[in-house]
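Below is one structure, written out as structure tokens; comments come after it.
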Amino acid sequence: MSFSQWKPQETSAEGKAFRKDQHVLFNYRKKQVVGTIIKLLGNSAVVTLTTAPFTDTSEKTVINYKKLTSV
């Protein structure tokens, strides 16, 4: 038995409703915000928060699929 083999990550049933570069709505720090999915994980997604267009930085967070809503 080898522990060094890499297994591809499969998205859960909730994650099949989402895709990369999709806009989603969710609660973040007690506020409702819109973000864009940049990576799909097994049970969650990495999302960049949509902020004011004049800022040069972007904030990223990991959100469970059950807490996301399609926009």
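Values reported hereafter were calculated over all heavy atoms of this structure, with side chains retained and with hydrogens, waters and symmetry mates removed.
- F26 has its side chain within reach of T61: a pair of non-hydrogen atoms, C-beta onward, lies under 4.5 Å apart.
- Between the side chain of Y65 and the backbone N or O of L41 there is at least one donor-acceptor pair closer than 3.5 Å.
- Hydrophobic clustering, with ILVMFWY side chains joined whenever heavy atoms are under 4.5 angstrom apart, groups Y28 together with F18.
- Follow the hydrophobic side-chain contacts under 4.5 Å out from I63 and you reach V24 in the same cluster.
- A single hydrophobic cluster is seen to contain both I37 and V33, as judged by linkage of ILVMFWY side chains at heavy-atom distances under 4.5 Å, directly or through other members.
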Chi angles and distances behind the side-chain hydrogen bond (donor to acceptor under 3.5 Å, both in side chains) call for Q22, S70: CA-CA 8 Å; Q22 180 180 2; S70 296; 3.0 Å; yes
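- Atom NZ of K60 sits about 10.5 Å away from atom NZ of K39, to the nearest 0.5 Å.
- In the hydrophobic clustering of ILVMFWY residues, with side-chain heavy atoms under 4.5 Å counting as a link, L49 and L68 come out together.
- The shortest heavy-atom contact between A45 and L40 is CB-CD2, 4.3 Å.
- Rounded to the nearest 0.5 angstrom, E59 CD and T48 OG1 are separated by 10.5 Å.
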